[in-house]
Amino acid sequence: MPSATRSVTTKQLNARETPTAADLLLRTSEMLPALKERAAHTEELRRLPEETVADLLASGLHRIGVPIRYGGLDIDYALALDVAAELARACPATAWCYGLWAAHAWLVGYWPEPAQEEVFGSDPDALCSSSLNVGRSTCTPVDGGYRLSGRWEFSSGCDAATWLMLGVPGIGERNWALVPRGDYEIVDTWFVSGLRGSGSKDIEVRDAFVPFHRILDVTTAGDGDWTGWELHGQSRYRLPIPVLLGWDLVAPMLGIAQGMLDEFIAKTAGSAGAAKSADAPAVHIRVSQAAAEIDAGRALMDRDVREALDRAEAGEGFTTLHRARYRRDKAYVTQVCLQAVNRIFDISGGHGLFESDPLQRFHRDAHAVAHRDTLIMDLGGQEYARVLLGLDATGRI
């Protein structure tokens, strides 16, 4: 694996102005009351309110994912997952969009340098949404690049974004294109039961030109193609994309489960006495089980992410079994958290059904997260068993 030297540019933050991890976590916690107050309105809008987007950008939290040379923070990427989990305790939709925006900022660093300059060269706070499957699309070779047309689904946070990552067909095994805001339309299809505020709408592209430098081969990025590592010298670019990608979706699920438990405890604590909830053995058991499931999920995510980043820092590779285990664990943590949410909701009583009660929103949002294909254990977990039993993996790991 080649060595890398970090280049300091005028876009890099002055070290004295760079917040610490503790500073960023404090900023996150300070945002929770406002996010909680806006949560119902966020659902009504079916996207993040402009003030929420402004608050996130003003906090600097997005820059955890941005490469250092473009004004990003010299902070361990794992902190972005901690931030997403914390935000979800107040507003899951905000956490979902934040986690994706931070992940996309990291991913831009794998592209050829001209593409990175286009995205972040004049604006370190540029937001990028995505739809990473190929959708219903065509990608035709032309002089200097490709002509792209099609329609894609589930582009979370697209209303606030100025760039888009799209899965594109016909180039190689798996390729993504970067497309600027002027080259696509947002189609408002997001009328759903959960994660309503994420604004995960459809995207339509009509005959847009995509130059070669805005195409990324996902199968080799960080695994033979060392562009990101050579440009940025950050260990996050010494690992294959699928190893780390996906935890940005799991982290909000941990926060949703914790938020559900926090809300239930706040409503129930002190209600002791005859026929009171806090005195009920069934409540004791379910609260303990849910708390343990959340703690276990957090520990598993932290272990896997730390292991992956440490291996990347040491320049070590990732076996097929490593990759399969990470994919398994992303699904498992999601399902464990879903169990915790369901345990609490099932004892929340009739009041938990009212739209004014955050418990029903946490419940709906948790089920929305758990509907992602890769986060369903039946799909996300099977590759691990195949590899463990000596069979070839059949999915993208």
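This chain uses plain numbering: 1 for the first residue, then up along the sequence. All values below were derived from every heavy atom in this structure, side-chain atoms included, with hydrogens, water molecules and symmetry-related copies excluded.
Donor-acceptor pairing under 3.5 Å is lacking for the side chains of His213 and Gln116. Side chains of Arg364 and Gln360: a donor on one and an acceptor on the other come within 3.5 Å.
Going from atom CH2 of Trp152 over to atom OG of Ser129 covers 12.0 Å, rounded to the nearest 0.5 Å.
Sorted by first and then second residue, the side-chain hydrogen bond (donor to acceptor under 3.5 Å, both in side chains) pairs involving residues 244-260 (not counting sequence neighbours) are Gln258-Asp262. Listed by first and then second residue, the side-chain hydrogen bond (donor to acceptor under 3.5 Å, both in side chains) pairs that reach into residues 290-304 are Asp82-Arg298, Glu293-Gln339, Glu293-Arg343, Arg303-Asp329, Asp304-Arg325, sequence neighbours excluded. For residues 159-177, the set of pairs meeting the salt bridge (charged side-chain N to carboxylate O under 4.0 Å, His left out) definition, not counting sequence neighbours, comprises Asp159-Lys201.
Not one N or O on the side chain of Thr374 forms a donor-acceptor pair closer than 3.5 Å with the backbone of Gly380.
Under the side chain to side chain contact (heavy atoms under 4.5 Å, CB included) criterion, Ala308 pairs with Leu239, Val243, Phe318, Tyr326, sequence neighbours left out. Ser193 pairs by the side chain to side chain contact (heavy atoms under 4.5 Å, CB included) definition with nothing, not counting sequence neighbours. Take Ser356 and apply the side chain to side chain contact (heavy atoms under 4.5 Å, CB included) test, not counting sequence neighbours, and it matches Phe354.
By the 6.0 Å contact criterion, CG on Asp207 is enclosed, its count of non-hydrogen atoms from other residues, nucleotides or ligands being greater than 12. More than 12 heavy-atom neighbours from other residues, nucleotides or ligands sit within 6.0 angstrom of NE2 on His284. Applying the 6.0 Å contact sphere to CZ of Arg206 captures no more than 12 heavy atoms from other residues, nucleotides or ligands.
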